[in-house]
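Here is the naming used below: chain letters follow the sequence lines, and residue numbers restart at 1 for every chain.
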There are 4 protein chains.
Amino acid sequence: MSTPARRTGRPRSAEADRAILGATRAALVELGWGKLTMGDVAARAGVAKTTLYRRWAGKNELVVDAVAAVFDEHLEAADHGSLRADIEDVVVRFATLLERPETKTALMAVVSEATHDEALGARVRSAIVDRQKRLVLVGRERAQLRGELPPEEDPAAAARNADLIFDVIAGSVVHRLLVSAEPVDREWARSFATVLLHGLAAASSGTGTAPAPEPAREHRQKPAGSV
Amino acid sequence: MSTPARRTGRPRSAEADRAILGATRAALVELGWGKLTMGDVAARAGVAKTTLYRRWAGKNELVVDAVAAVFDEHLEAADHGSLRADIEDVVVRFATLLERPETKTALMAVVSEATHDEALGARVRSAIVDRQKRLVLVGRERAQLRGELPPEEDPAAAARNADLIFDVIAGSVVHRLLVSAEPVDREWARSFATVLLHGLAAASSGTGTAPAPEPAREHRQKPAGSV
Amino acid sequence: MSTPARRTGRPRSAEADRAILGATRAALVELGWGKLTMGDVAARAGVAKTTLYRRWAGKNELVVDAVAAVFDEHLEAADHGSLRADIEDVVVRFATLLERPETKTALMAVVSEATHDEALGARVRSAIVDRQKRLVLVGRERAQLRGELPPEEDPAAAARNADLIFDVIAGSVVHRLLVSAEPVDREWARSFATVLLHGLAAASSGTGTAPAPEPAREHRQKPAGSV
Amino acid sequence: MSTPARRTGRPRSAEADRAILGATRAALVELGWGKLTMGDVAARAGVAKTTLYRRWAGKNELVVDAVAAVFDEHLEAADHGSLRADIEDVVVRFATLLERPETKTALMAVVSEATHDEALGARVRSAIVDRQKRLVLVGRERAQLRGELPPEEDPAAAARNADLIFDVIAGSVVHRLLVSAEPVDREWARSFATVLLHGLAAASSGTGTAPAPEPAREHRQKPAGSV
DNA sequence: AACTAATCGAGACGGTACGTCAGGTCTTTTT
DNA sequence: AAAAAGACCTGACGTACCGTCTCGATTAGTT
């Protein structure tokens with residue numbers, strides 16, 4: 001039933017697929033996105049260039065698949081007993097993953113290409129991004145079961161909310177690591193979790209207004225320019 | 001005294017610099033990062049390729065400078081009377097900027113390259129990223145003057161905090177737009193501001209612990225769409 | 001046994017070879033050596049530059065081969081019934097060949113380059129020069145059969161002699177045409193043949209001494225150093 | 001009358017001229033014609049490129065002048081007591097000159113360029129070639145004084161004859177050295193002189209016919225391939 | 001002694017060609 | 001039919017020289 005109508009001729013080597021993806025990751029580590037070439041990957045995999053192009057449309061597609069596998073392997077959401085712990089954990093996990101040399105460049109490069117190639121964008125989202133979003137959903141559900149967050153009522157709102165949270169988490173970590181080029185350590189993760197936790201609570205409680213921020217009585221004598 | 005030791009030989013044409021950066025931006029709009037070539041930029045600027053290479057080491061460096069000018073022009077922090085309004089405004093401004101065709105790809109591409117070229121990374125930060133960080137500092141100060149946020153006590157903590165906030169804002173917007181490929185509209189800006197506002201309050205007050213999250217009793221009366 | 005180990009992969013296009021050499025000759029005619037560029041040749045031949053470089057190391061090598069073909073086509077030694085007629089004929093033929101626009105510059109340019117590129121020199125000799133030397137050998141043999149010249153006894157001396165004669169003929173014609181820039185017409189050919197014919201007779205007869213040159217009666221009263 | 005209307009302004013440095021020509025020769029030795037660049041010559045001479053172009057139109061003109069000086073220095077016709085000795089001597093002298101690395105390439109290169117630049121051709125002839133022709137004239141006159149050659153009667157024929165002899169001598173030596181790439185040693189010079197001497201005698205005596213070449217009795221049974 | 005005009009060094013400039021490299025396609029033989 | 005091998009076209013790369021063009025700084029000769 002699943003076997004897709006066995007065709008005539010020599011079947012594609014499954015071995016080759018593995019070798020190619022492996023070679024791609026290895027090349028990414030050694031050379032980075034920019035210097036990685038199809039010819040080089042083919043040579044590393046002990047495969048002809050033709051074989052590569054028979055399976056992937058180009059460099060972008062190949063790299064997306066090669067990197068997707070790495071993401072799949074390393075993103076699991078363990079239950080740490082509290083929402084804060086779960087957030088901190090997922091932040092650190094994601095950061096660790098992004099610090100691997102093969103993902104570091106590849107992700108940004110592929111995202112960059114995706115800005116003018118809608119098909120590639122879709123592939124990136126389905127193969128890499130969306131599977132991470134699952135973590136947010138799982139984490140929220142756990143928090144709700146624990147009573148740390150209120151249950152959802154409107155499914156659409158819930159989805160929007162999850163998207164927002166996901167963009168905040170993933171975006172912040174990526175920006176910290178790849179743009180600011182600063183480490184995501186335990187301390188940063190804790191600070192970030194603090195911000196997020198309070199934001200989350202407010203968003204979930206529907207508070208559309210600013211919190212009464214600790215009366216903040218008389219700081220106004222503070223001179224400008226203090227930054 | 002300031003004149004930087006007037007050297008011998010024909011001085012570099014300032015005109016050329018302007019023409020090249022302009023041509024680079026034009027080419028970015030028309031072709032995007034990937035299709036932009038040094039030869040094309042030179043031709044558009046009415047300049048020899050060598051003149052380009054005499055001033056910039058390569059495509060990356062050139063694009064960083066060209067894009068930096070755009071950022072400089074469009075990032076100003078107007079005072080909107082409240083921290084929430086200021087946040088929403090900066091988010092929308094930044095998103096608008098990122099949606100321009102010349103910045104869209106260019107930024108990510110350059111960040112991607114910067115992951116294996118430290119000098120380029122430094123250039124990106126000093127020419128583009130750090131100047132945006134100013135907005136965060138200005139906004140915070142205003143909020144403090146308004147009494148919306150408490151004054152800083154530990155300068156180091158203040159700096160760390162500003163960095164965090166900056167990564168959260170910039171990262172979230174970038175991720176939303178370029179990775180998730182969803183629009184940053186007024187509504188999203190509002191939701192994001194809500195999250196950030198509460199997180200900010202908590203972070204500023206030094207609350208390292210989870211908020212007593214509004215005992216989560218009765219959120220259910222809240223209508224949907226609240227994020 | 002002769003088949004040179006038929007290899008795998010796409011074989012080189014013989015068509016391309018022909019097109020390239022043809023294009024090179026055409027370009028030489030139109031532009032001359034100096035203005036001929038690899039890119040232009042490739043374009044004329046409807047071939048990629050890389051294909052050119054895959055087969056020839058550079059302009060020099062390419063031109064040698066292209067010119068060699070012309071020489072091959074146009075140098076044949078017809079039997080004109082006498083040594084004098086044969087010499088005159090070969091001189092005129094060679095001159096005609098050298099006056100063709102594609103050979104004119106090309107030959108000297110390549111020789112010039114060969115003075116500091118031994119491999120190129122060897123190529124020039126094997127592809128162009130040595131095949132002309134054949135004409136000398138054939139002509140001498142015919143003359144010997146006719147009884148115009150004595151047979152050779154020492155093979156080594158014979159070879160040396162042929163080399164000498166060849167250098168004299170080729171060198172004189174080249175110098176007349178390309179250095180002195182005077183035409184090689186029937187009259188010049190006749191004068192040259194006269195000189196060579198007598199010299200040949202003396203050299204062949206082994207006469208190492210000057211001929212008794214028409215007693216040369218009494219010019220010696222003329223004072224020396226008059227110039 | 002000779003002073004060319006002394007103009008105002010700073011006069012050209014005679015020192016520079018010397019330095020440039022010297023540097024050109026040095027560069028020719030080290031790099032050969034092809035790799036010699038104007039910029040390099042200027043640098044070696046400690047002079048700006050502008051200074052070079054103010055005095056010479058280009059590489060060709062510069063090299064012609066640089067090489068001409070070398071020829072001038074080294075070509076003198078000493079009287080060796082006999083026509084044969086004079087011929088051998090001039091052949092060896094010329095060969096020695098042509099074997100110098102700076103003349104070797106330069107001469108052919110310049111001749112090659114001259115084939116499509118008439119002005120350059122004229123310059124080459126007046127600066128280099130024609131001054132060598134003098135040697136032929138001097139040698140012939142001496143030989144006539146010695147009684148080795150008959151005096152000239154028709155001045156036009158005499159000039160034609162001198163041109164022929166000159167092309168034969170210079171051409172043969174150049175061809176031997178630069179095309180055949182064989183040495184011009186004493187032995188070769190002797191063989192060449194033998195050929196020329198007899199040819200000269202015949203040409204001078206107006207003998208337009210072949211010599212009776214030593215009856216050449218019965219060599220015809222000689223098998224082919226003897227060369 | 002001041003003026004004038006050409007030269008000098010330095011080096012940037014617009015060009016042209018170089019030879020190389022990667023992307024992707026096509027053709028051949030082998031499996 | 002798919003695979004390995006490798007030639008092919010396209011197009012950009014970054015470099016090297018070309019010959020020209022500013023510059024500011026020297027030099028003579030002229031006023």
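One atom, CD of E15(C), and another, P of dC9(F), lie 11 Å apart when rounded to the nearest Å. The distance from atom CZ of R12(C) to atom C1' of dA5(F) is 13 Å, rounded to the nearest whole Å. At whole-Å resolution of the value, CG in L52(B) and C1' in dC13(F) are 13 Å apart. In this structure, I20(D) atom CD1 and dT7(E) atom P are separated by 13 Å, rounded to whole Å. One interatomic measurement links the two molecules: CG of D17(C) to C1' of dA7(F), which rounds to 12 Å at whole-angstrom precision. Atom P of nucleotide dA12(E) and atom CH2 of W56(B) are separated by 14 Å, given to the nearest angstrom. Counting to the nearest Å, the P atom of dG11(E) and the CZ atom of R54(B) are 12 Å from each other.
By the 4.0 Å N-to-carboxylate-O rule, D17(C) lies close enough to R55(C) to be salt-bridged with it.
Checking side-chain atoms of K59(C) against main-chain N and O of W33(C) turns up a donor-acceptor pair under 3.5 Å.
Among the atoms of the strands shown, none is found under 4.0 Å from any heavy atom of G34(A).
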Under 3.5 Å donor-acceptor pairs involving side-chain atoms of residues 106-117 of chain C, not counting sequence neighbours:
| residue | atom | partner | partner atom | Å |
| --- | --- | --- | --- | --- |
| T115(C) | OG1 | S112(C) | O | 2.6 |
| D117(C) | OD1 | A119(C) | N | 3.2 |
| D117(C) | OD1 | L120(C) | N | 3.1 |

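For the residue pair R44(C) and D40(C), the shortest heavy atom distance occurs at NE-OD2, 2.7 Å. Residues A68(B) and A127(B) come closest through the heavy atom pair CB-O, 3.4 Å. Between T105(B) and G32(B), the closest heavy-atom pair is OG1-CA, 4.5 Å. Nearest approach of L52(B) to L62(B), heavy atoms of both residues: CD2-CD2, 3.5 Å.
A sub-4.0 Å separation between OP1 or OP2 of dG11(E) and a side-chain N or O of T8(B) is absent.
Residue T51(A) places its side chain closer to dA3(F) than to any other of dA3(F), dC8(F), dG9(E).
When the nearest nucleotides of DNA chain E are assigned to A16(D) and G46(B) by heavy-atom distance, the more 5′-ward of the two goes with A16(D).
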Return the polar atom pairs (N/O with N/O) between nucleotides 22-26 of chain E and the protein under 3.5 Å, or none.
| residue | atom | partner | partner atom | Å |
| --- | --- | --- | --- | --- |
| dG23(E) | OP2 | M38(A) | N | 2.8 |
| dG24(E) | OP2 | Y53(A) | OH | 3.1 |
| dG24(E) | N7 | K49(A) | NZ | 3.0 |
| dG24(E) | O6 | K49(A) | NZ | 2.8 |
| dC26(E) | O2 | R10(C) | NH1 | 3.2 |

